[in-house]
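Start at 1 and go down the list; that is how both ligands and their atoms are numbered.
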Amino acid sequence: MQPPTPGIAFDNTYARELQGFYVDWQPTPVRAPALVFFNRTLAEELGLALDGLTADDLAAIFSGNRLPAGAQPIAQAYAGHQFGHFAPQLGDGRALLLGEVIDRQGRRRDIALKGSGRTPFSRRGDGKAALGPMLREVLIGEAMHALGIPTTRALAVVATGEPVFRERTLPGAILTRIAASHLRVGTFQYFWAHGTPEMVRRLADYAIARHYPELNATEDRYLGLLRAVAERQAQLVAQWMHVGFIHGVMNTDNMSIPGETIDYGPCAFMEAYDPGAVFSSIDEMGRYAYGEQPRIARWNLARLAETLLPLLSDDEGHAIALATEVIDGFVARYQEYWLAGLRAKLGLRRALSDSADTALGEAWLDLLAAQQVDYTLAWRYLADAAEGDAARLRDLFPGQPGLERWLARWRERCVAEDSEEGGEPDAAAARAARMRRVNPWLIPRNHRVEEALAAASETGDLAPFERLLKALLRPYEEDPALSYYAEPAPAEFMAGFRTFCGT
Ligand code: AMP
Ligand code: MG
């Protein structure tokens, strides 16, 4: 019997145009593929014509057991700085790019498997992934997407029916990941370390054509590429900071050239506000702590800049000067995105004074830090206060006189802007509504995520995962029926909370 030919219209530019930047490789067949998660909305967005296929068909395809026509699986080469140390050879050790499709909006997207077996880049790894961490990537990635933050996304998770051996024996799974591309800072580093400036140039040309085509016609296109990547990172990290997202492992191989959040390993959302928050079990020094993320993004961009130097100018000193200007400029660019986001969170529409607004925001964060107040709820309840109801907010700051002083200051700032605008009568309600559109009510609470993953991984019960995922898709709407998911994790839970890389 002929297997049905699934409708994925691949067009694989990376494989075609960048020979020498990857190895052709096949996924390792798995014993008993079973579909655990399938993202129909995303499949629709990608224009995949998979309608007639059964769950078993989808499991066969998205485990790699049955490759769809047109797929050309490859393992991409990349290097990376891991916790500040250069690893010249990383690469897809447990992932394979199947190919690219053009989605319904005309955007080129990668379809890749993660956990699909050993490759020439596996080093000592087994090439596999466990079910829990792959479902975690689904939950956090979809939550980020719903929050409006650029991210790779999960199309499918297939249980393999095989065990993977970590500290414990766990059920194995394969994730299908969709990305604008899998180009990373580390991809440039690989060809900078092993290849020639000519190879870095080919890669840069590819990145420009695919992600920044507006640079094609410009004279200093490679400097433009650096600037454009820095711009998207400034914007992205500002968005992370505003929802309390901690990536956890911001190595240069986990920083995407198109500017998506990529590689959900030991990531977590901060609950109690603490700039030093770090949950990753492998981040002992707090290099990737919440408050360090902007600084680390800049550091990673400097590593990208290094690889581009020969393309910037024949005169090395001049090349360094050009790159340095962009890297130093990142701080101000980030600050600008952060301040714009801050104003929105505070319900402010006008930029009256950068320094005064920054100080107002910092004073608020100091209040949160002083009492380790829940970051998400504090912002959300501030919207109530904009409408004159500060009761829920006050409950978060027991016995804190500073809160009232700060609220008075914030109200004064709101009034200053409203009177400049001619004082609309419903300014308070409009402000609260605006604030609720940018201050989520629901984030993936760590204890709920763990609960859902434990049920799936330990007893095969997917219901908690499915309920949580559904709740996370509408983060800006307060729904009392979902308050179970909005409650902060108990302090005892957070005190011992560690996230793991899931390798
Ligand atoms: P990550 O920490 O997920 O960013 O991965 C860093 C590097 O380790 C990448 O080159 C991965 O492909 C590789 N890697 C992670 N887990 C495994 C595994 N189980 N088997 C083989 N390679 C892995
Ligand atoms: Mg990675």
- Sole candidate of Q82, R184, Q189, R303 that passes side chain to side chain donor-acceptor pair (under 3.5 Å) when paired with T252: Q189

- Counting from 1, what ligand 1 atoms have a heavy atom of K128 closer than 4.0 Å? 19 (N)

- Residue part near ligand 1, for N254, under 4.0 Å between non-hydrogen atoms: side chain

- dist D374:CG -> W379:CH2 (nearest 0.5 Å) comes out at 13.0 Å

- Below 3.5 angstrom, do we get any N/O pair linking G93 and ligand 1? yes

- Task: Between Q76, R94, K114, R123, flag the one that comes closest to atom 7 (C) of ligand 1 by a heavy atom.
- Result: R123

- With a 4.0 Å heavy-atom cut-off (strictly under), which part of F121 contacts ligand 1: side chain, backbone, both or neither? neither

- Item | Cationic N near anionic O, under 4.0 Å, R94 to D126 | no

- Task: Select the closest option to atom 20 (N) of ligand 1 among A77, G91, G127, judged by heavy-atom distance.
- Result: G127

- Metal proximity, N254 vs the Mg ion (ligand 2), N/O/S cut-off 2.8 Å: yes

- One finds that the ligand 1 atoms under 4.0 Å from a non-hydrogen atom of R166 are 19 (N)

- Message: With a 3.5 Å distance limit and no angle check, can you tell me whether D283 reaches the backbone of R287 through a side-chain donor-acceptor pair?
- Response: yes

- Location of contacts on L90 toward ligand 1, heavy atoms closer than 4.0 Å: both

- Task: Could you tell me whether the side chains of N251 and H81 share a donor-acceptor contact shorter than 3.5 Å?
- Result: no

- Message: I'd like to know if the side chain of D461 reaches the main chain of A463, judged simply by a donor and an acceptor atom lying under 3.5 Å from each other, with no hydrogens or angles considered.
- Response: yes

- Distance-only, no hydrogens or angles: does the D110 side chain make a donor-acceptor pair with backbone N or O of A112 under 3.5 Å? no

- Any salt bridge between E17 and R202, counting N to O under 4.0 Å? no

- Query: So which of the N, O or S atoms of D263 lies nearest the Mg ion (ligand 2)?
  - Reply: OD2

- Task: Can you sort out which atoms of ligand 1 are near D253, meaning under 4.0 Å from one of its heavy atoms?
- Result: 4 (O), 6 (C)

- Message: Checking the N or O distance criterion of under 3.5 Å, is ligand 1 in contact with D92?
- Response: no

